[in-house]
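In this text the structure is predicted, and so the values were computed from the model without any measurement. Numbered from 1 within each chain, the chains take letters A, B, ... in sequence-line order.
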2 protein chains.
Amino acid sequence: MMFSTKSEYGVRVMVELARRGGEEPVPLTEIAEHEGLPLAYLEHLVARLRRAGLIDSRRGAHGGYRLARDASSITMAEVVEALEGAIAPVECISSAPDGSTRCARETEAEHVCTTKILWTRVRASIVQTLEQTTLAALVPAPDLIQLVPLPPEKPVAA
Amino acid sequence: MMFSTKSEYGVRVMVELARRGGEEPVPLTEIAEHEGLPLAYLEHLVARLRRAGLIDSRRGAHGGYRLARDASSITMAEVVEALEGAIAPVECISSAPDGSTRCARETEAEHVCTTKILWTRVRASIVQTLEQTTLAALVPAPDLIQLVPLPPEKPVAA
DNA sequence: CCTATAACCTACCTTGGCGGTAGGGTATCA
DNA sequence: TGATACCCTACCGCCAAGGTAGGTTATAGG
(Lines give C-alpha, C1' and ligand atoms only; values in the text may rest on other atoms or scores of the structure.)
Protein backbone atom coordinates (compact mmCIF):
# COMPACT_ATOMS: atom_id res chain seq x y z
CA MET A 1 0.00 0.00 0.00
CA MET A 2 1.08 3.51 -0.62
CA PHE A 3 -1.15 5.30 1.83
CA SER A 4 -1.60 3.90 5.31
CA THR A 5 -4.92 3.34 6.99
CA LYS A 6 -4.52 6.80 8.46
CA SER A 7 -5.63 8.12 5.10
CA GLU A 8 -8.16 5.39 4.53
CA TYR A 9 -9.85 5.88 7.90
CA GLY A 10 -9.38 9.63 8.01
CA VAL A 11 -11.06 10.15 4.66
CA ARG A 12 -13.97 8.02 5.83
CA VAL A 13 -14.37 10.19 8.89
CA MET A 14 -14.35 13.32 6.76
CA VAL A 15 -16.98 11.86 4.44
CA GLU A 16 -19.16 10.98 7.41
CA LEU A 17 -18.88 14.49 8.77
CA ALA A 18 -19.76 15.90 5.38
CA ARG A 19 -22.68 13.53 5.05
CA ARG A 20 -24.29 14.82 8.21
CA GLY A 21 -22.95 18.24 7.38
CA GLY A 22 -24.81 20.51 9.75
CA GLU A 23 -24.09 22.85 12.56
CA GLU A 24 -24.47 20.16 15.19
CA PRO A 25 -21.18 18.42 16.01
CA VAL A 26 -21.04 14.65 15.55
CA PRO A 27 -19.44 12.58 18.33
CA LEU A 28 -16.65 10.27 17.21
CA THR A 29 -18.32 7.32 18.89
CA GLU A 30 -21.07 7.42 16.32
CA ILE A 31 -18.69 7.47 13.41
CA ALA A 32 -16.51 4.77 14.89
CA GLU A 33 -19.51 2.52 15.36
CA HIS A 34 -20.96 3.31 11.95
CA GLU A 35 -17.69 2.59 10.15
CA GLY A 36 -16.68 -0.29 12.39
CA LEU A 37 -13.37 1.32 13.31
CA PRO A 38 -11.66 1.56 16.71
CA LEU A 39 -12.60 4.78 18.47
CA ALA A 40 -9.31 5.23 20.29
CA TYR A 41 -7.40 5.04 17.05
CA LEU A 42 -9.71 7.43 15.23
CA GLU A 43 -9.07 9.98 17.96
CA HIS A 44 -5.45 10.16 16.87
CA LEU A 45 -6.34 10.74 13.24
CA VAL A 46 -9.01 13.26 14.07
CA ALA A 47 -6.49 15.21 16.14
CA ARG A 48 -4.39 15.64 13.02
CA LEU A 49 -7.36 16.83 11.01
CA ARG A 50 -8.21 19.34 13.70
CA ARG A 51 -4.67 20.65 14.01
CA ALA A 52 -4.70 21.11 10.23
CA GLY A 53 -7.80 23.27 10.59
CA LEU A 54 -10.01 20.98 8.53
CA ILE A 55 -12.48 20.28 11.34
CA ASP A 56 -13.30 21.88 14.62
CA SER A 57 -14.61 20.41 17.81
CA ARG A 58 -16.86 20.96 20.78
CA ARG A 59 -16.02 19.22 24.01
CA GLY A 60 -18.29 17.75 26.60
CA ALA A 61 -21.83 16.49 26.38
CA HIS A 62 -23.45 16.93 22.97
CA GLY A 63 -19.98 17.68 21.72
CA GLY A 64 -18.23 16.23 18.71
CA TYR A 65 -16.66 17.30 15.44
CA ARG A 66 -17.84 19.16 12.40
CA LEU A 67 -16.25 20.42 9.21
CA ALA A 68 -14.44 23.69 9.65
CA ARG A 69 -15.22 24.66 6.06
CA ASP A 70 -17.64 23.74 3.34
CA ALA A 71 -17.15 20.25 1.93
CA SER A 72 -16.73 21.63 -1.57
CA SER A 73 -13.75 23.72 -0.51
CA ILE A 74 -11.87 20.87 1.14
CA THR A 75 -9.59 18.93 -1.16
CA MET A 76 -8.34 15.42 -0.61
CA ALA A 77 -4.82 16.79 -0.92
CA GLU A 78 -5.36 18.71 2.29
CA VAL A 79 -6.92 15.75 4.05
CA VAL A 80 -4.26 13.24 3.05
CA GLU A 81 -1.42 15.61 3.74
CA ALA A 82 -2.83 16.35 7.19
CA LEU A 83 -2.99 12.65 7.92
CA GLU A 84 0.16 11.32 6.30
CA GLY A 85 2.46 14.28 6.22
CA ALA A 86 4.17 15.46 3.06
CA ILE A 87 3.30 13.46 -0.03
CA ALA A 88 6.34 11.75 -1.50
CA PRO A 89 6.34 8.67 -3.73
CA VAL A 90 9.82 7.63 -2.63
CA GLU A 91 11.98 8.59 0.28
CA CYS A 92 14.60 10.36 -1.78
CA ILE A 93 12.04 12.76 -3.22
CA SER A 94 10.66 15.63 -1.24
CA SER A 95 9.21 19.00 -2.06
CA ALA A 96 11.38 21.90 -1.02
CA PRO A 97 9.85 24.93 0.68
CA ASP A 98 10.01 26.84 -2.59
CA GLY A 99 7.87 24.18 -4.26
CA SER A 100 10.60 22.63 -6.35
CA THR A 101 11.29 18.94 -6.13
CA ARG A 102 14.45 17.87 -4.39
CA CYS A 103 16.36 14.63 -4.66
CA ALA A 104 18.24 13.42 -1.60
CA ARG A 105 20.80 11.65 -3.78
CA GLU A 106 21.71 14.74 -5.74
CA THR A 107 24.35 15.75 -3.25
CA GLU A 108 26.74 17.13 -5.81
CA ALA A 109 25.66 19.56 -8.45
CA GLU A 110 27.52 17.38 -10.93
CA HIS A 111 25.56 14.23 -10.33
CA VAL A 112 22.11 14.45 -11.89
CA CYS A 113 19.62 11.90 -10.63
CA THR A 114 18.03 10.34 -13.69
CA THR A 115 15.23 8.66 -11.80
CA LYS A 116 14.15 12.00 -10.38
CA ILE A 117 12.20 12.58 -13.59
CA LEU A 118 10.03 9.57 -12.89
CA TRP A 119 9.25 10.26 -9.26
CA THR A 120 8.58 13.90 -9.94
CA ARG A 121 6.01 12.94 -12.53
CA VAL A 122 4.41 10.38 -10.26
CA ARG A 123 4.23 12.80 -7.38
CA ALA A 124 2.71 15.50 -9.57
CA SER A 125 0.00 13.20 -10.85
CA ILE A 126 -0.92 12.05 -7.36
CA VAL A 127 -1.08 15.56 -5.95
CA GLN A 128 -3.07 16.76 -8.93
CA THR A 129 -5.64 14.03 -8.49
CA LEU A 130 -5.92 14.66 -4.77
CA GLU A 131 -6.35 18.37 -5.37
CA GLN A 132 -8.99 17.86 -8.00
CA THR A 133 -11.11 15.67 -5.76
CA THR A 134 -13.08 17.60 -3.17
CA LEU A 135 -14.74 16.17 -0.11
CA ALA A 136 -18.10 17.09 -1.57
CA ALA A 137 -17.41 14.80 -4.52
CA LEU A 138 -17.28 11.82 -2.17
CA VAL A 139 -20.52 12.48 -0.38
CA PRO A 140 -23.22 10.18 -1.70
CA ALA A 141 -26.45 11.53 -3.11
CA PRO A 142 -29.05 12.74 -0.58
CA ASP A 143 -31.44 9.89 -1.36
CA LEU A 144 -28.80 7.45 -0.25
CA ILE A 145 -28.37 9.25 3.02
CA GLN A 146 -32.00 8.72 3.86
CA LEU A 147 -31.47 4.99 3.73
CA VAL A 148 -29.12 5.17 6.66
CA PRO A 149 -31.01 5.57 9.92
CA LEU A 150 -30.02 8.54 11.99
CA PRO A 151 -29.34 8.05 15.70
CA PRO A 152 -32.34 8.44 18.01
CA GLU A 153 -32.99 12.03 18.90
CA LYS A 154 -33.72 11.42 22.56
CA PRO A 155 -33.31 8.08 24.25
CA VAL A 156 -36.18 7.21 26.53
CA ALA A 157 -35.10 7.08 30.13
CA ALA A 158 -35.47 3.62 31.61
CA MET B 1 6.97 7.14 1.31
CA MET B 2 4.65 5.31 -0.98
CA PHE B 3 7.12 3.17 -2.90
CA SER B 4 9.82 1.34 -1.01
CA THR B 5 13.48 1.39 -1.93
CA LYS B 6 12.81 -1.72 -3.94
CA SER B 7 11.37 0.57 -6.59
CA GLU B 8 13.94 3.27 -6.03
CA TYR B 9 16.89 0.91 -6.35
CA GLY B 10 15.31 -1.30 -8.98
CA VAL B 11 14.61 1.59 -11.30
CA ARG B 12 18.21 2.73 -10.90
CA VAL B 13 19.43 -0.70 -11.92
CA MET B 14 17.21 -0.69 -14.96
CA VAL B 15 18.44 2.74 -15.97
CA GLU B 16 22.02 1.59 -15.60
CA LEU B 17 21.36 -1.45 -17.78
CA ALA B 18 19.71 0.77 -20.38
CA ARG B 19 22.58 3.22 -20.24
CA ARG B 20 25.10 0.55 -21.18
CA GLY B 21 22.44 -1.03 -23.36
CA GLY B 22 24.34 -3.49 -25.48
CA GLU B 23 24.53 -7.18 -26.06
CA GLU B 24 27.19 -7.70 -23.41
CA PRO B 25 25.70 -8.47 -20.00
CA VAL B 26 26.66 -6.17 -17.12
CA PRO B 27 27.66 -7.77 -13.83
CA LEU B 28 25.66 -6.60 -10.84
CA THR B 29 28.84 -5.81 -8.92
CA GLU B 30 29.54 -2.95 -11.31
CA ILE B 31 26.11 -1.44 -10.86
CA ALA B 32 26.18 -1.88 -7.10
CA GLU B 33 29.50 -0.10 -6.92
CA HIS B 34 28.48 2.63 -9.34
CA GLU B 35 25.25 3.37 -7.46
CA GLY B 36 26.68 2.81 -4.02
CA LEU B 37 24.10 0.17 -3.15
CA PRO B 38 24.55 -3.19 -1.38
CA LEU B 39 25.11 -5.98 -3.88
CA ALA B 40 23.40 -8.70 -1.86
CA TYR B 41 20.26 -6.63 -1.62
CA LEU B 42 20.23 -5.74 -5.29
CA GLU B 43 20.35 -9.43 -6.12
CA HIS B 44 16.92 -9.82 -4.61
CA LEU B 45 15.45 -6.99 -6.62
CA VAL B 46 17.09 -8.13 -9.80
CA ALA B 47 15.61 -11.58 -9.30
CA ARG B 48 12.16 -10.03 -9.40
CA LEU B 49 12.96 -8.13 -12.56
CA ARG B 50 14.22 -11.30 -14.18
CA ARG B 51 11.22 -13.36 -13.17
CA ALA B 52 9.02 -10.65 -14.67
CA GLY B 53 10.87 -11.06 -17.95
CA LEU B 54 12.22 -7.53 -17.99
CA ILE B 55 15.86 -8.56 -17.97
CA ASP B 56 17.75 -11.73 -18.71
CA SER B 57 20.97 -13.02 -17.34
CA ARG B 58 24.12 -14.94 -18.18
CA ARG B 59 25.79 -16.86 -15.43
CA GLY B 60 29.44 -17.41 -14.78
CA ALA B 61 32.48 -15.45 -15.80
CA HIS B 62 31.73 -12.49 -18.04
CA GLY B 63 28.13 -12.96 -17.03
CA GLY B 64 25.67 -10.38 -15.86
CA TYR B 65 22.34 -8.87 -16.78
CA ARG B 66 20.92 -7.07 -19.78
CA LEU B 67 17.54 -5.77 -20.81
CA ALA B 68 15.29 -8.45 -22.20
CA ARG B 69 13.61 -5.89 -24.46
CA ASP B 70 14.29 -2.50 -25.90
CA ALA B 71 14.35 0.30 -23.33
CA SER B 72 11.67 2.17 -25.23
CA SER B 73 9.24 -0.71 -24.87
CA ILE B 74 9.67 -1.09 -21.12
CA THR B 75 7.35 1.03 -19.07
CA MET B 76 7.87 2.05 -15.48
CA ALA B 77 4.55 0.43 -14.68
CA GLU B 78 6.06 -2.94 -15.53
CA VAL B 79 9.20 -2.23 -13.55
CA VAL B 80 7.48 -0.96 -10.43
CA GLU B 81 4.87 -3.70 -10.49
CA ALA B 82 7.57 -6.34 -10.82
CA LEU B 83 9.35 -4.90 -7.82
CA GLU B 84 6.50 -3.93 -5.52
CA GLY B 85 3.70 -6.19 -6.58
CA ALA B 86 0.28 -4.92 -7.51
CA ILE B 87 -0.04 -1.15 -7.39
CA ALA B 88 -2.63 -0.10 -4.82
CA PRO B 89 -2.82 3.30 -3.11
CA VAL B 90 -4.55 1.83 -0.06
CA GLU B 91 -4.89 -1.68 1.26
CA CYS B 92 -8.63 -1.90 0.70
CA ILE B 93 -8.29 -1.22 -3.01
CA SER B 94 -7.06 -3.83 -5.43
CA SER B 95 -7.54 -4.52 -9.09
CA ALA B 96 -9.60 -7.58 -9.83
CA PRO B 97 -8.52 -10.05 -12.52
CA ASP B 98 -11.09 -8.56 -14.89
CA GLY B 99 -9.48 -5.15 -14.52
CA SER B 100 -12.20 -3.59 -12.43
CA THR B 101 -11.35 -2.03 -9.10
CA ARG B 102 -12.46 -3.86 -6.01
CA CYS B 103 -12.99 -2.55 -2.52
CA ALA B 104 -12.33 -4.89 0.37
CA ARG B 105 -14.92 -3.14 2.50
CA GLU B 106 -17.73 -3.58 0.03
CA THR B 107 -18.70 -6.91 1.48
CA GLU B 108 -22.40 -6.40 1.09
CA ALA B 109 -23.92 -5.35 -2.18
CA GLU B 110 -25.94 -2.81 -0.23
CA HIS B 111 -23.04 -0.95 1.25
CA VAL B 112 -21.38 1.29 -1.31
CA CYS B 113 -17.91 2.48 -0.40
CA THR B 114 -17.86 6.22 -1.00
CA THR B 115 -14.12 6.58 -0.66
CA LYS B 116 -13.59 4.07 -3.44
CA ILE B 117 -14.05 6.90 -5.91
CA LEU B 118 -11.02 8.68 -4.54
CA TRP B 119 -8.64 5.75 -4.42
CA THR B 120 -9.68 4.56 -7.83
CA ARG B 121 -8.83 7.95 -9.26
CA VAL B 122 -5.50 8.07 -7.45
CA ARG B 123 -4.57 4.61 -8.58
CA ALA B 124 -5.49 5.38 -12.17
CA SER B 125 -3.35 8.50 -12.26
CA ILE B 126 -0.37 6.69 -10.81
CA VAL B 127 -0.63 3.78 -13.22
CA GLN B 128 -1.13 6.12 -16.14
CA THR B 129 1.98 8.09 -15.28
CA LEU B 130 4.03 4.94 -14.82
CA GLU B 131 2.80 3.58 -18.13
CA GLN B 132 3.56 6.79 -19.98
CA THR B 133 7.13 6.85 -18.74
CA THR B 134 9.39 4.43 -20.57
CA LEU B 135 12.78 3.32 -19.44
CA ALA B 136 14.26 5.05 -22.44
CA ALA B 137 12.92 8.37 -21.16
CA LEU B 138 15.12 8.07 -18.08
CA VAL B 139 18.38 7.33 -19.86
CA PRO B 140 20.52 10.45 -19.91
CA ALA B 141 22.80 9.80 -22.91
CA PRO B 142 20.86 10.49 -26.12
CA ASP B 143 23.29 8.69 -28.43
CA LEU B 144 22.50 5.42 -26.75
CA ILE B 145 18.80 5.79 -27.44
CA GLN B 146 19.46 6.44 -31.10
CA LEU B 147 20.34 2.80 -31.59
CA VAL B 148 16.62 2.13 -31.81
CA PRO B 149 13.62 4.01 -33.18
CA LEU B 150 12.44 6.77 -30.91
CA PRO B 151 9.69 5.82 -28.50
CA PRO B 152 6.15 7.06 -29.20
CA GLU B 153 6.43 9.05 -26.03
CA LYS B 154 3.70 11.49 -25.19
CA PRO B 155 5.03 14.50 -23.32
CA VAL B 156 3.51 14.61 -19.87
CA ALA B 157 1.81 17.87 -19.12
CA ALA B 158 3.40 19.63 -16.18
C1' DC C 1 -23.39 21.22 42.01
C1' DC C 2 -23.11 16.82 40.13
C1' DT C 3 -23.05 13.49 36.72
C1' DA C 4 -22.67 11.92 32.12
C1' DT C 5 -20.60 12.84 27.97
C1' DA C 6 -16.95 13.37 24.87
C1' DA C 7 -12.88 15.79 23.37
C1' DC C 8 -8.01 15.78 24.45
C1' DC C 9 -3.41 14.12 25.76
C1' DT C 10 0.52 11.00 26.79
C1' DA C 11 2.37 6.78 27.06
C1' DC C 12 2.78 2.20 25.88
C1' DC C 13 2.53 -2.17 23.30
C1' DT C 14 2.70 -5.68 19.45
C1' DT C 15 3.45 -7.06 14.86
C1' DG C 16 4.97 -7.28 10.14
C1' DG C 17 7.51 -5.78 6.57
C1' DC C 18 11.51 -3.40 5.04
C1' DG C 19 16.29 -3.19 4.27
C1' DG C 20 20.10 -5.85 4.68
C1' DT C 21 23.34 -10.14 5.62
C1' DA C 22 25.10 -14.71 5.21
C1' DG C 23 26.29 -18.80 3.04
C1' DG C 24 25.93 -21.69 0.15
C1' DG C 25 24.98 -23.88 -4.85
C1' DT C 26 25.45 -23.75 -9.94
C1' DA C 27 26.61 -22.29 -14.52
C1' DT C 28 30.18 -20.28 -17.57
C1' DC C 29 34.24 -18.54 -18.98
C1' DA C 30 39.71 -18.62 -19.70
C1' DT D 1 40.43 -26.06 -12.68
C1' DG D 2 39.94 -21.90 -10.78
C1' DA D 3 37.72 -17.59 -11.01
C1' DT D 4 33.66 -15.25 -11.88
C1' DA D 5 29.01 -14.12 -11.06
C1' DC D 6 24.31 -15.56 -11.09
C1' DC D 7 21.01 -17.95 -8.02
C1' DC D 8 18.61 -19.59 -3.91
C1' DT D 9 17.22 -20.04 0.96
C1' DA D 10 17.41 -18.61 5.37
C1' DC D 11 17.98 -15.36 8.81
C1' DC D 12 18.11 -10.86 11.46
C1' DG D 13 17.54 -5.94 13.52
C1' DC D 14 14.85 -2.16 13.34
C1' DC D 15 11.06 0.78 13.14
C1' DA D 16 6.75 2.57 12.08
C1' DA D 17 2.07 1.24 11.67
C1' DG D 18 -1.97 0.04 14.00
C1' DG D 19 -4.00 -0.20 18.14
C1' DT D 20 -4.66 0.06 23.54
C1' DA D 21 -4.88 2.20 27.93
C1' DG D 22 -5.72 5.60 31.29
C1' DG D 23 -5.94 9.59 32.41
C1' DT D 24 -7.41 15.04 32.25
C1' DT D 25 -10.33 18.79 30.80
C1' DA D 26 -14.49 20.96 29.10
C1' DT D 27 -19.58 21.15 28.43
C1' DA D 28 -24.70 20.14 28.74
C1' DG D 29 -28.55 18.78 31.45
C1' DG D 30 -31.00 17.79 35.76
Report each atom pair, protein N/O against N/O of nucleotides 2-5 of chain C, whose distance is under 3.5 angstrom.
unit_1, atom_1, unit_2, atom_2, d
C:dT5, O2, A:Ala61, N, 2.9

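- With sequence neighbours left out, A:Ser72 forms a side chain to side chain donor-acceptor pair (under 3.5 Å) with A:Asp70.
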Listed pairs under 3.5 Å, donor-acceptor, residues 45-65 of chain A side chains, sequence neighbours left out:
unit_1, atom_1, unit_2, atom_2, d
A:Arg48, NH1, A:Leu83, O, 2.8
A:Asp56, OD1, A:Arg66, NH1, 3.4
A:Arg58, NH2, A:His62, O, 3.1

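- One atom, CG of B:Leu83, and another, P of C:dC18, lie 12 Å apart when rounded to the nearest Å.
- Judged as a side chain to side chain donor-acceptor pair (under 3.5 Å), and not counting sequence neighbours, the contacts of B:Glu16 are B:Arg19, B:Arg20.
- Contact detail for A:Leu37 and A:Arg12: the closest heavy-atom pair is CD1-CD, 4.3 Å.
- Between B:Ile55 atom CD1 and D:dC7 atom C1' there is a gap of 12 Å when expressed in whole angstrom units.
- Between A:Phe3 and B:Trp119, the ring-plane angle classifies as tilted under the 30° and 60° cut-offs.
- With rounding to the nearest 0.5 Å, the separation of CD in B:Glu30 from CG in B:Leu17 is 10.5 Å.
- Shown here for B:Arg69 and B:Ile74, the closest heavy-atom pair between the two residues is O-CD1, 4.0 Å.
- Of all the heavy atoms in B:Ile117 and A:Ala137, the pair that sits closest is CD1-O, 4.2 Å.
- The interatomic distance linking A:Glu30 (CD) with C:dA7 (P) rounds to 10 Å, in whole Å.
- Counting only heavy atoms from C-beta on, A:Arg58 has its side chain closest to D:dA28 among D:dA5, C:dC8, D:dA28.
- Distance A:Glu24 CD to C:dA7 P: 13 Å, rounded to the nearest Å.
- No more than 12 heavy atoms of other residues, nucleotides or ligands lie within 6.0 Å of CD in A:Glu33, so this atom counts as exposed by the packing criterion.
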Can you give one letter per nucleotide of nucleotides 10-23 of chain D, going 5' to 3': B for a protein heavy atom under 4.0 Å from the base, S for sugar-phosphate only, - for none? B------SBBB---
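- Put simply, CG on B:Leu45 is 13 Å from P on D:dC6, counting in whole angstrom units.
- Side-chain atoms of B:Glu78 come within 3.5 Å of backbone atoms of B:Thr75 as a donor-acceptor pair (strictly under, hydrogens ignored).
- Taking atom CG of B:Asp56 as the reference point, atom P of D:dC6 lies 13 Å away to the nearest angstrom.
- From B:Ile87, atom CD1 reaches atom OG of B:Ser7 across 8.0 Å, with rounding to the nearest 0.5 Å.
- For the helix from C:dC1-D:dG30 to C:dA30-D:dT1, the axis fitted to the five pairs at one end and the axis fitted to the five pairs at the other end meet at an angle of 20° (nearest 10 degrees).
- When rounded to the nearest whole Å, the span between CG of B:Leu42 and C1' of C:dG19 equals 11 Å.
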